[in-house]
Chemist: 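A single structure is presented below for examination.
In this chain, residues are counted from 1 in sequence order.
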Amino acid sequence: MYLTREEEKMYSGEYGPAVAKSMEILVALGDIYGADGMVEIVSAQISGVSYKTIGDAGLEYLEDLVVEGAQVVVPSTLNPAGVDLDQWQKLGFPAEFTKKQLLIVGAYRKMGISTTCTCTPYLVGNVPPMGSHVAWSESSAVCYGNSVLGARTNREGGPGALSAAICGRTPNYGYHLDEGRVPHLLVEVETSLTGADYGALGYIVGKTVGNGVPYFKLLDKQQKNPSVNHLKALGAALASSGAVALFHMENTTPEFKEVMPQIPNLEKLTVTREDVDDTREKLSTSEKPDLVCLGCPHASLEEIKEVALKLDGEKLTNQLWVCTSISVKAASDRMGYTQIIEEAGGQVVCDTCMVVAPIEEMGFKVIGVDSAKAANYVPSMCGLNVVFDEWENLVELKK
């Protein structure tokens, strides 16, 4: 790899051990993937936050970096933690788990990283301009950043993204390059889509394309343009059933015109209403949820508003978590949505989600989700059953 003089100083230790260690990681990654050099980044989004996923070894690594004086040099945000950092006692999170979790978040804070703890950094101010280079690591955020925002990032691991944040650089390969952003599969969707259909579509296509780049054409003439919330759900499912980091959608995503000349030569996949319905059915492993978890990826203010409008003046018979960031919850509080949801018996939960929280230790058996990503991960990561459906069908109201 070619390193600039400044990067050579980082690598050789002139800026201290934390920078040197981070640059060594970036150079090793660049060598593995055949990068010609580094690109400067404008932001980072860092995974490896929940104690459930990184454990004591991860905490020790972070604390060592703090001792070595590590500081990030670009705006950086964190992935969800394993608990609601402020309401963990109220919500019943285990005390020992929370103790370790707070130490992890504290270490990141000492490095100058924003502790917003969300998988939707683009909803809390981490919004890179189109064409800019970033180092993001949460799979759904990577897919959204590449596809909807037109930024450029690979699917970074937690240490890689943290190293990039400390050095302000990342290896120049993969999705940072024009040739890494070309489509591999044409997906013709013959049915109209609403709600959880977008997650089911993403699940189907992710399994087919793997780590390739799909190009979507929505053929149904009744189909409205998908909202950013629909695209968020689609990307999350693509990234979890496969390893998709970028998709294009005709007349929707910012780079679709640039890649259109390649469409006639692509392999084609047709998705029908039967395909979507079959997938929705297969993603459920049970029938009646005792906890409904929405917000995977984290809910936007518009999504919280929809829940509040349905629950206004009602009472829930099952438990409900609406997972979001502390920033979006602050707006929800001000708009009165949080109060409506809480008066109905639900909770607006910050900083975490059903996938990375220790919900299997909290007495729950069946989780209701409207996210195909969550439906895919909860059985494997938590060992619990799931019901996948529209959220309106999952919440049960007293008659």
Side-chain angles (χ1 to χ4, degrees), residues 33-37 39-42 122 127-136 139-156 170-193 197-228 230-273 275-276:
Y33 292 106
D36 57 359
V39 289
E40 294 190 23
I41 61 171
V42 300
Y122 43 88
V127 187
M130 182 174 173
S132 62
H133 298 279
V134 298
W136 287 13
S139 62
S140 73
V142 166
C143 206
Y144 191 98
N146 274 324
S147 310
V148 183
L149 301 179
R152 298 192 168 208
T153 180
N154 291 313
R155 281 173 59 123
E156 302 286 358
T170 197
N172 187 32
Y173 70 93
Y175 297 98
H176 293 284
L177 306 173
D178 290 343
E179 54 265 35
R181 303 178 72 82
V182 299
H184 301 101
L185 178 71
L186 172 61
V187 182
E188 294 189 338
V189 184
E190 294 185 341
T191 181
S192 60
L193 303 168
D197 289 344
Y198 284 93
L201 172 64
Y203 186 85
I204 294 167
V205 176
K207 278 191 165 298
T208 303
V209 77
N211 64 352
V213 177
Y215 181 102
F216 291 92
K217 293 179 86 169
L218 306 183
L219 301 182
D220 192 292
K221 293 182 179 178
Q222 304 302 314
Q223 177 69 54
K224 296 180 180 179
N225 286 337
S227 69
V228 291
H230 293 145
L231 296 174
K232 173 163 69 84
L234 172 63
L238 285 166
S240 60
S241 69
V244 176
L246 166 66
F247 67 88
H248 303 288
M249 183 176 287
E250 197 155 288
N251 301 317
T252 301
T253 55
E255 296 177 57
F256 85 91
K257 287 184 179 179
E258 296 174 19
V259 299
M260 279 185 73
Q262 301 158 60
I263 301 308
N265 301 319
L266 295 182
E267 179 184 348
K268 185 168 74 173
L269 171 69
T270 301
V271 178
T272 66
R273 169 47 53 184
D275 296 327
V276 172

Chemist: Tabulate below the donor-acceptor pairs under 3.5 Å that side-chain atoms of residues 256-267 make, not counting sequence neighbours, or state none.
Modeler:
none

Chemist: Is D220 salt-bridged to R273, cutoff N-O under 4.0 Å?
Modeler: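 A salt bridge is absent here (no side-chain N lies under 4.0 Å from a carboxylate O).
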Chemist: Rounded to the nearest 0.5 Å, how far apart are CG of N172 and CD of E40?
Modeler: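 The distance works out to 12.0 Å.
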Chemist: Kindly give the heavy-atom pair with the smallest separation between S147 and P254, and that separation in Å.
Modeler: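 Of all heavy-atom pairs spanning S147 and P254, the closest is O-CD, 3.1 Å.
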Chemist: Please identify each residue that fulfils side chain to side chain donor-acceptor pair (under 3.5 Å) with D178, with sequence neighbours left out.
Modeler: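 For D178, the residues satisfying side chain to side chain donor-acceptor pair (under 3.5 Å) (neighbours in sequence not counted) are R152.
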Chemist: Who pairs with A135 by side chain to side chain contact (heavy atoms under 4.5 Å, CB included), at least two apart in sequence or on another chain?
Modeler: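 Once residues adjacent in sequence are excluded, the partners of A135 under the side chain to side chain contact (heavy atoms under 4.5 Å, CB included) criterion are I41, E156, A164, T170.
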Chemist: I need the minimum non-hydrogen distance between S140 and A239, along with the two atoms involved.
Modeler: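 For S140 and A239, the tightest heavy-atom pair comes out as N-CB, 4.3 Å.
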Chemist: Using a strict cut-off of less than 4.0 Å between a Lys/Arg side-chain nitrogen and an Asp/Glu carboxylate oxygen, indicate whether R181 and E255 qualify as a salt bridge.
Modeler: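 The answer is yes: the pair qualifies as a salt bridge.
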Chemist: Could you check whether any side-chain heavy atom of Q223 comes within less than 4.5 Å of a side-chain heavy atom of L193, counting everything from C-beta outward?
Modeler: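 Contact flag for Q223/L193 side chains = yes.
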Chemist: Given V189, which of L269, L201, L219 fulfils the side-chain contact (heavy atoms from CB on, under 4.5 Å) condition?
Modeler: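 The residue from L269, L201, L219 that satisfies side-chain contact (heavy atoms from CB on, under 4.5 Å) with V189 turns out to be L201.
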Chemist: Considering all heavy atoms of both residues, which atom of S192 and which atom of D197 are nearest to each other, and what is their separation?
Modeler: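 Heavy atoms only, the tightest pair is O-OD2, 4.0 Å.
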Chemist: Grab the two heavy atoms, one from F247 and one from G235, that are nearest each other, plus how far apart they are.
Modeler: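 Of all heavy-atom pairs spanning F247 and G235, the closest is CE2-CA, 3.9 Å.
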Chemist: Donor-acceptor pair, S132 side chain versus V42 backbone, under 3.5 Å?
Modeler: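 No, S132 side chain to V42 backbone: no donor-acceptor pair under 3.5 Å.
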Chemist: Under the side chain to side chain contact (heavy atoms under 4.5 Å, CB included) test, which residues partner H230, sequence neighbours left out?
Modeler: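 So H230 forms a side chain to side chain contact (heavy atoms under 4.5 Å, CB included) with Y198, P226, S227.
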Chemist: Counting only N and O atoms by type, is there a donor-acceptor contact under 3.5 Å from the side chain of N146 to the main-chain atoms of T153?
Modeler: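 Yes, N146 side chain to T153 backbone: donor-acceptor pair under 3.5 Å.
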Chemist: Kindly compute the distance separating SG (C143) from CG (L234), expressed to the nearest 0.5 Å.
Modeler: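 Interatomic distance, C143 SG to L234 CG, rounded to 0.5 Å: 7.0 Å.
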Chemist: A233: what forms a side chain to side chain contact (heavy atoms under 4.5 Å, CB included) with it, not counting sequence neighbours?
Modeler: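 For A233 there are no side chain to side chain contact (heavy atoms under 4.5 Å, CB included) partners, ignoring immediate neighbours.
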Chemist: Do N154 side-chain atoms and Y173 backbone N/O form a donor-acceptor pair below 3.5 Å?
Modeler: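 Yes, N154 side chain to Y173 backbone: donor-acceptor pair under 3.5 Å.
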Chemist: To the nearest 0.5 Å, how far apart are CH2 in W136 and OH in Y122?
Modeler: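 Here the interatomic distance stands at 8.0 Å.
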Chemist: Could you tell me which non-hydrogen atom of P171 sits nearest to which non-hydrogen atom of A35, and how far apart they are?
Modeler: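 Here P171 and A35 meet closest at CB-CB, 3.9 Å.
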Chemist: Output side-chain donor-acceptor pairs under 3.5 Å for residues 203-218, partner residues at least two apart or in another chain, one line each.
Modeler:
| residue | atom | partner | partner atom | Å |
| --- | --- | --- | --- | --- |
| T208 | OG1 | I204 | O | 3.1 |
| Y215 | OH | E250 | OE1 | 2.6 |

